[in-house]
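Below, chains carry the letters A, B, ... as their sequence lines are ordered, and counting in each starts from 1.
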Number of protein chains: 2
Amino acid sequence: MKKSTIKDVAREANVSIATVSRILNNTGKGYSDKTKQHVMQTIEQMGYFPNAIARSLINNESGTIGVLFPAVSGMVSAEMLHGIEAAAQVYGKSVFVCNTLSDPDKTKHYLQLLYEKQVEGVIFASGRLTRNFQKIVKQMNVPFVTLSGISDLKNIPEIKVDDLKATYDATNYLIKHGHTKLAMVSGPPHDLIAGTPRMEGFKQALTDANLPCKSSQISWSSAFYFEDGKHAFRSIMKSHPEVTAIVAASDEMAAGVISEANAQGIRVPEDVSVIGYDNTKLATMTVPSLTTVSQEFDVMGYRASELLCQCIMGEDTDSIIMEHKIIERESVKKTKARGVV
Amino acid sequence: MKKSTIKDVAREANVSIATVSRILNNTGKGYSDKTKQHVMQTIEQMGYFPNAIARSLINNESGTIGVLFPAVSGMVSAEMLHGIEAAAQVYGKSVFVCNTLSDPDKTKHYLQLLYEKQVEGVIFASGRLTRNFQKIVKQMNVPFVTLSGISDLKNIPEIKVDDLKATYDATNYLIKHGHTKLAMVSGPPHDLIAGTPRMEGFKQALTDANLPCKSSQISWSSAFYFEDGKHAFRSIMKSHPEVTAIVAASDEMAAGVISEANAQGIRVPEDVSVIGYDNTKLATMTVPSLTTVSQEFDVMGYRASELLCQCIMGEDTDSIIMEHKIIERESVKKTKARGVV
DNA sequence: CCTTATAGAGTAAACGTTTACTTCATTTTA
DNA sequence: TAAAATGAAGTAAACGTTTACTCTATAAGG
């Protein structure tokens with residue numbers, strides 16, 4: 001049973017296709033109330049739905065946007081995507097998801113695909129938009145937005161939190177609670193998104209507080225996972241057993257720290273305090289629950305999507321630095337009063 | 001700068017659009033090697049990319065599939081989506097994501113949207129495809145697949161694990177490890193996907209082992225989250241303090257159980273053993289780490305997507321019951337030998 | 001050397017819409 | 001009452017492709 005088209009409707013209702021089209025688009029002109037009713041009725045009973053592809057072709061508007069993620073598995077991407085989709089819906093856009101696996105070839109391939117599919121804009125999430133992609137991005141000639149990532153290209157709005165500042169604040173939070181022997185478990189230092197800036201924030205906070213700040217106070221791993229946190233904390237404890245507070249570059253790492261501390265008979269927060277980063281659901285599930293820096297990923301996704309849609313409509317827009325805040329739970333202990341928050 | 005079309009390429013290369021088209025589609029006929037090279041070169045230098053929308057229109061193949069989730073946030077959906085996208089890519093399809101928020105109106109709206117966008121198939125994930133949707137599904141006339149959900153409609157292949165059997169096995173695992181006083185923390189009993197069958201599996205295992213099985217041994221909540229697990233365990237401990245083992249309907253709930261146990265000074269697994277469900281990443285992060293029933297969501301997503309693409313190509317296919325297995329970690333204690341696994 | 005295959009390349013219709021332009025009947029205006 | 005204005009409705013071109021069909025020149029066959 002072939003799908004019915006506007007032609008079928010027109011024939012069935014004894015009007016021209018132009019009339020049907022005008023009625024469907026509610027132009028308000030070009031038909032009488034009577035014919036409108038009649039046509040609507042035939043449409044209803046035929047179960048006709050317009051073909052969005054044909055529409056796109058002539059209107060030159062696909063009504064779609066593309067989202068590139070390194071990988072959609074993982075809480076962070078999931079929440080972002082949720083927000084992205086929600087905002088897109090509001091603006092009447094559909095969302096194509098793409099998993100680049102951080103592979104430049106795959107990324108380029110997806111960009112081409114999105115180009116061919118005539119997407120009206122692209123959200124580039126959690127990755128680095130390098131010069132490599134400049135050519136295709138330029139060719140596509142549609143708005144791009146980076147979400148929690150970085151762009152080597154000019155004039156691409158960004159939605160992100162200020163990682164440096166957030167980590168600075170996290171570190172400072174520990175200091176304000178009386179801690180003076182701090183260490184950090186971090187991701188890879190060459191990760192310009194979540195590595196470098198967070199490490200930098202940690203160092204600056206220490207320096208500004210006139211506390212010692214040696215590079216050995218930072219133990220980094222190749223990623224931000226649970227196991228990475230465990231290992232990093234283990235090595236910190238070897239080299240700096242005097243430490244009383246840890247800033248972790250992700251909640252997962254913080255959970256790893258807690259788990260390892262547990263294994264070593266170190267109590268959290270009595271012996272060592274831990275502050276996390278991300279405020280994922282996980283932060284509520286650890287024992288003790290995690291004090292952490294909140295990044296509202298769903299909101300970030302929403303804002304990114306919103307921003308993109310506004311760009312698409314030709315409004316001019318600007319980058320958004322999301323606010324962060326510290327969510328206080330149970331993993332940080334006040335050591336001695338010292339200008340408490 | 002307008003996008004260049006096949007016409008522009010044709011003009012530039014001094015050939016007809018038909019020739020360009022044939023070359024692009026690699027038909028192998030209708031052009032000489034020389035012209036092919038020449039045309040490819042002009043294409044390259046013009047930065048031309050074919051318009052997939054125009055192609056779709058004439059070929060009547062959109063190259064897209066749609067995925068409906070109650071919400072893409074959350075580990076489970078995220079992993080599924082990852083698998084879905086991966087398989088779709090292999091089959092050359094792009095993926096539209098939709099968040100229904102379990103709202104029937106929204107769901108219907110999305111189905112219509114997907115219909116208009118001419119998707120070639122739909123994956124209905126983690127939800128119930130009710131009679132409500134029968135009409136539109138029929139009209140769409142494209143393959144549907146349910147993923148970890150249920151369908152009231154006939155002839156819709158399903159990809160799921162046998163929840164009843166999996167919970168039966170989980171319960172049995174505890175029994176085999178010498179536990180005789182069991183309880184369950186469950187989701188809502190009217191949830192036909194993850195509620196009813198899991199409770200049923202628990203009961204059957206007890207019955208088959210000739211153990212007492214009163215409904216008070218199951219404490220259920222309205223959802224499957226951490227807090228739900230906490231509360232449920234609390235109420236179990238009130239009514240059945242003798243219990244030595246808990247089967248939880250999700251890892252999050254199990255984490256809640258562990259957390260609550262901790263708060264009450266009950267040791268896991270020494271005093272009470274816990275088995276989870278899902279084998280999410282969370283299962284490795286609890287202290288102690290969770291023994292749990294593995295559902296490989298990414299694989300499930302992949303298989304669902306694969307199945308759908310096969311349906312699209314007209315192959316006939318059948319539902320897939322995924323295997324489950326029990327991942328042994330630290331949250332279950334062997335009480336006394338009794339025909340151990 | 002003439003007929004017939006063959007292969008390169010072009011023409012134009014089709015896909016399902018939208019929309020500028022036209023036609024025609026009815027109403028308004030002077 | 002004739003001219004002008006209005007509004008309903010139709011005609012056909014356009015969007016960027018694919019493809020069946022056609023045309024022409026060259027190669028093959030007798």
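B:Ser305 places no side-chain N or O within donor-acceptor distance of the main-chain N or O of B:Tyr302, the cut-off being under 3.5 Å. Under the 3.5 Å distance criterion, the side-chain polar atoms of B:Thr64 are left unmatched by any main-chain donor or acceptor of B:Val95. Side-chain atoms of A:Glu120 do not come within 3.5 Å of backbone N or O of A:Ile65 as any donor-acceptor pair. Judged by distance alone, with hydrogens and angles left aside, the side-chain atoms of B:Asn51 form a donor-acceptor pair with the main-chain N or O of B:Ile53 at under 3.5 Å. At least one donor-acceptor pair under 3.5 Å links the side chain of A:Ser77 to the backbone N or O of A:Ala71.
Ion pairing between A:Arg11 and A:Asp8 holds under the 4.0 Å rule for side-chain N and carboxylate O. A salt bridge does not link B:Asp105 to B:Lys108: none of the charged side-chain nitrogens sits closer than 4.0 Å to a carboxylate oxygen.
Atoms CZ (A:Arg55) and P (D:dG16) sit 19 Å apart, rounded to a whole Å. Atom C1' of nucleotide D:dT18 and atom CG of B:Leu57 are separated by 11 Å, given to the nearest angstrom. Between A:Ile43 atom CD1 and C:dT17 atom P the separation is 10 Å, expressed in whole Å. When the P atom of C:dG16 is taken as reference, atom CD of B:Gln118 falls 9 Å away, rounded to whole Å. Computed from coordinates, the B:Ile23 CD1 to D:dT18 P distance equals 12 Å when rounded to whole Å. Rounded to an integer number of Å, the gap from B:Lys117 NZ to C:dT17 C1' is 14 Å. Summarising the geometry, the separation between CG on B:Asn59 and C1' on D:dG16 is reported as 12 Å, rounded to the nearest angstrom. As rounded to whole Å, 13 Å separates atom C1' of C:dG16 from atom CZ of A:Arg11.
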* Spell out protein contact along nucleotides 22-28 of chain C as letters: B when the base is contacted, S when just the sugar-phosphate is, - when no protein heavy atom is under 4.0 Å; keep the 5' to 3' order. => -------
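Note that CG of A:Leu114 is 6.0 Å distant from CG of A:Leu68, once rounded to the nearest 0.5 Å. Distance CD/B:Gln139 to CD/B:Gln112: 8.5 Å, rounded to 0.5 Å. Atom CD1 of residue B:Ile159 and atom CZ of residue B:Arg303 lie 8.5 Å apart, to the nearest 0.5 angstrom.
A:Met40 CE: 12 or fewer foreign heavy atoms inside a 6.0 Å radius.
Listed by first and then second residue, the ring pair (Phe, Tyr, Trp, His ring centres under 6.0 Å) pairs involving residues 57-114 of chain A are A:Phe96-B:Phe96 (not counting sequence neighbours).
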For nucleotides 6-13 of chain D, which of its nitrogen or oxygen atoms have a protein nitrogen or oxygen under 3.5 Å away, and what is each distance?
unit_1, atom_1, unit_2, atom_2, d
D:dA9, OP2, A:Ser32, N, 2.8
D:dA9, OP2, A:Ser32, OG, 3.4
D:dA9, OP2, A:Thr35, OG1, 2.6
D:dG10, OP2, A:Ser16, N, 2.6
D:dG10, OP2, A:Ser16, OG, 3.0
D:dG10, OP2, A:Thr19, OG1, 2.9
D:dG10, N7, A:Arg22, NH2, 3.0
D:dG10, O6, A:Arg22, NH1, 2.9

Short N/O separations, protein against nucleotides 25-27 of chain D, under 3.5 angstrom:
none

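Using a 4.0 Å heavy-atom criterion, one finds that A:Asn60 contacts no nucleic acid atom at all. Backbone-only contact: B:Thr5 has heavy atoms under 4.0 Å from sugar-phosphate atoms and none from a base.
At the phosphate of D:dT18, OP1 or OP2 sits under 4.0 Å from a side-chain N or O atom of B:Asn25.
Not counting sequence neighbours, the partners of B:Thr27 by the side-chain contact (heavy atoms from CB on, under 4.5 Å) test are B:Arg22, B:Asn25, B:Tyr31.
Both A:Thr27 and A:Lys7 sit near DNA chain C, but only A:Lys7 has its closest nucleotide nearer the 5' end.
Comparing the end axes of the helix from C:dC1-D:dG30 to C:dA30-D:dT1, each fitted to five base pairs by superposing C1' atoms of four pairs onto the next four, gives an inter-axis angle of 50° (nearest 10 degrees).
Between C:dT17, D:dT17, D:dG16, one nucleotide has an atom nearer to the side chain of B:Tyr48 than all others, and that is D:dT17.
Under the side-chain contact (heavy atoms from CB on, under 4.5 Å) test applied with A:Tyr115, the options A:Asn141, A:Ile136, A:Val142 reduce to a single match, A:Ile136.
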